[in-house]
Number of protein chains: 2
Amino acid sequence: MKKNIALFAAASTLFLNSAVTVAAPTAAKATTVAELRDKALQSDAVAYDIVEGLTTEIGQRQAGTEAEARARVWSVNKLKALGFENVRVEEYQMPTWVRGAETAEIIAPFPQKLAVAALGNSGSTGEAGLDAEIVYFPTIEDLRAAPDGSLRGKIAFVSHNMKATQDGSSYGAFGPARFVGPNIAAKKGAAAIVIRSVGTDYHRNPHTGNTNFEPGVTPIPAAALSIPDAENLQRMIARGKPVRIKLKLTPRNIGMQTSGNVLAEVKGSDPSLPIIVIACHLDSWDLGTGAIDDAAGCGIIGAAAKHLQSMGQPKRTVRLLWAGAEEVGIWGGRDYGEKHANEPHALAMESDFGAGKVWAVDFRLPESANALRAQIVSALAPLGVVPRRELAGGGADIGAIIAAQKLGIVDLQQDGTKYFDLHHTPDDTLDKIDKAELRQNVAAWVAALGYLANYEGELKPELAQ
Amino acid sequence: MKKNIALFAAASTLFLNSAVTVAAPTAAKATTVAELRDKALQSDAVAYDIVEGLTTEIGQRQAGTEAEARARVWSVNKLKALGFENVRVEEYQMPTWVRGAETAEIIAPFPQKLAVAALGNSGSTGEAGLDAEIVYFPTIEDLRAAPDGSLRGKIAFVSHNMKATQDGSSYGAFGPARFVGPNIAAKKGAAAIVIRSVGTDYHRNPHTGNTNFEPGVTPIPAAALSIPDAENLQRMIARGKPVRIKLKLTPRNIGMQTSGNVLAEVKGSDPSLPIIVIACHLDSWDLGTGAIDDAAGCGIIGAAAKHLQSMGQPKRTVRLLWAGAEEVGIWGGRDYGEKHANEPHALAMESDFGAGKVWAVDFRLPESANALRAQIVSALAPLGVVPRRELAGGGADIGAIIAAQKLGIVDLQQDGTKYFDLHHTPDDTLDKIDKAELRQNVAAWVAALGYLANYEGELKPELAQ
């Protein structure tokens, strides 16, 4: 953190002088980057076209299913049509879970139906369903504190008070209700678990998403209630009478299936320079059409790479990674990390937080790249993007290759205030895309990539000094 | 209309002098009305309690079902507990349609599921479902223009461009896609019809609601797509290839069932004065919990009548009508009109447009009541309510009694800008109630009822002069 603050101070100083620096371009084509950035702000053609196409012509594209396979074919055609090079699919196998029927209803004391969706890796209740009493836990900590065996034959209900945050950090704070709640409940003997959806909206659309059971723990039926339903259930519980629900979930594990990454490139002029990889993920959850999660990311990086092409050949190769199977365990990102572990990379970036405006930029670069950093900060400033003291962390799909090669990272942080209104719900559809914000994203990526792809110096932070 | 404008001019003149008029109360207890109004603004106890109770302890209360019967029991208990008199149920029989399974999916060219809900009175596809090509009509007028027989074996898809309006008038303009679209499509030989939901939101929640087939026309399967799904379907159609969908709807007609109205009274001191009836409806559609449609109305009139009681006994009896079976054909309102046709009524009011703020007041009163009208206008002004030139029209549940006895009417017009985001959807839940706006509604009702219930003059407009 200390080092990070020092870096920030250095960059700030440079930033104050950046008008001069940028006005007199050095290694990177400063004028061209600014022009390209401003051009990106004017048109959403490529980015919106990708989001519109994937959501309309494919729709949901759950990992390991035939829909994801259709999405790969679609993506190869699209990326070729856009003029990228080395467009290809790299396949891998992965275990696949698919949704079945899902219903939930209050049996007593106040009979009514609840809007529910199984969590990824949920067990099945069987066709007959499960009729059991609810045991209420206001937070995941309350569930953790429940005595072992106390939930035998019961359905645990875990709530929380997630609120929207600009940086999405509340997902980390409240997500464990989904990530580990079912495993905890299973170990304490619960027959099943329902959670308040990990989300910030008030619609009857449950938020699905993966949960994981430890080896040796038998998966129990695990589902999310929509937030209005969870609050209704809490009001019933507050009346003091035992609440029984009937839950039916019939998901299945269908074994190993094929998934894959789609790759494409803007070839650089100097093959001796390690490449830059930019990522999104192609798979989506199955309830919506995956517009913000993550067709938007693929649209943003696809459009940015296309703009970069129009600048003339960059020095470094920029590779697009439209990863498969992110939602269900980052299978695509791991496969990329393994298959490309020995291919020299310099830096990685990812877009996987919707289509909200970029408001901040974080870096993980060597100190030797401070002038580059200042150029990027300066090019982002007209878009309302501020540099932060945070160290860039990258994203899920680039995690493996970053870890393998200790890469440089630039994070263009999107405003996620509304992201968890839609995340993993049926409501993740094209109409949620704000075209002006989408364009601003592309412009920000152009501003960063325009400099990064033409920078010949070291980009990996551990080689600094 | 001319008469109405003249009335408005007279009222406006009086309104300008109303500060004086109200400061020196005449027949009605002006000071008390103002105090009561301001007290109503401070507490949402009764109104919110009713909405919270109905949505939590009953939930959906579709007409003719056991859920509506439970709602009547709940209401009788609640109205008695609030201290009203003559609390009772008046039952009637009505034909009842209930929802079955419902799914829709694109078969070709872009396979994906659609969010769909059957319309009330829809026919059934049978368990096997129906697989047919879509014929697209941008508006109901385009459907009307289709040649007879041109839809044989096809599924009509009717869209529209409904936009939100403050007064809800767009429901009249765009509602026919649902009200009569299925009947038109059936007569032209369509196998089924799907419509863009008659609504103004962008959530994956279809808007249900009744449709009606003419005698002799066999009901076809008829369903609403959520607005994101309807727009997705339009984008597919725009690509120019035939679009096939598989539709499964298995609703059933379960014959004549019992429904009923719940009545309660604030008894007036002068039994020779014709009564005032104030209405909401107790039934709801089955997808949501009927918070804004229309538990809110029952909460508003219940709370207003309770405040009126606390003013001391009014001169006229004020009767609460919590009507049954409004959604499926105004069975409760008609039953009330028939059973009470010979009981002298003076005036009717209704609350059935959600819980949005009251922004305008319309009247249908004799000219002899202009001073009363001015008092009400003056009492509503501090709530931000403006008098309009529109002639009050009443509401569905009071339509029959108004027609039978040519009653006076006061309409407290609510802001309906957001109403059709939620109307008849799963999203009509308690969390959509804004407590401050609910209180303002109660205060407006208190302001009107406080004067009306203590007014001894003529209230029926046709007896004016």
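Just so you know, these numbers come straight off a predicted model, no measurement behind them. Quick note on labels: first sequence line is chain A, next is B, and so on, each numbered from 1.
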Would you mind checking which part of B:Lys432 comes under 4.5 Å of any heavy atom in chain A, side chain (CB onward), backbone (N, CA, C, O), both or neither?
side chain

Counting only heavy atoms not in B:Lys246, do more than 12 sit closer than 6.0 Å to its NZ atom?
no

Measuring from B:Thr56:OG1 to A:Phe110:CZ, what's the distance to the nearest 0.5 Å?
8.0 Å

Heavy-atom cut-off 4.5 Å, strictly under: side chain, backbone, both or neither for B:Asn232 against chain A?
both

Would you say the side chain of A:Glu57 lies within less than 4.5 Å of the side chain of B:Arg239, judging by non-hydrogen atoms?
yes

Under the 3.5 angstrom rule, does the side chain of B:Gln112 hit a backbone N or O of A:Thr289 as a donor-acceptor pair?
no

Greatest number of heavy atom pairs closer than 4.5 Å to chain B - which of A:Met236, A:Arg70, A:Gln60
A:Arg70

What one should report as the nearest heavy-atom pair of B:Tyr202 and A:Asp427 is O-OD1, 4.0 Å

How long is the span from the CD atom in A:Glu231 to the CG atom in B:Asp431, to the nearest 0.5 Å?
6.5 Å

Note, B:Asp201 side chain near A:His203 side chain (heavy atom, < 4.5 Å)
no

Audit row: A:Thr429, B:Arg204, side-chain contact (heavy atoms from CB on, under 4.5 Å) steps and yes/no:
CA-CA 9 Å; A:Thr429 50; B:Arg204 296 293 288 291; 3.8 Å; yes

What part of B:Leu287 is in contact with chain A, defined as an atom under 4.5 angstrom from a non-hydrogen atom: side chain, backbone, both or neither?
backbone

Engaged part of B:Pro111 at the chain A interface, taking heavy atoms whose separation is under 4.5 Å
both

Contact winner vs chain A - B:Asp286, B:Leu422, B:Thr55, B:Thr425, heavy-atom pairs under 4.5 Å
B:Thr55

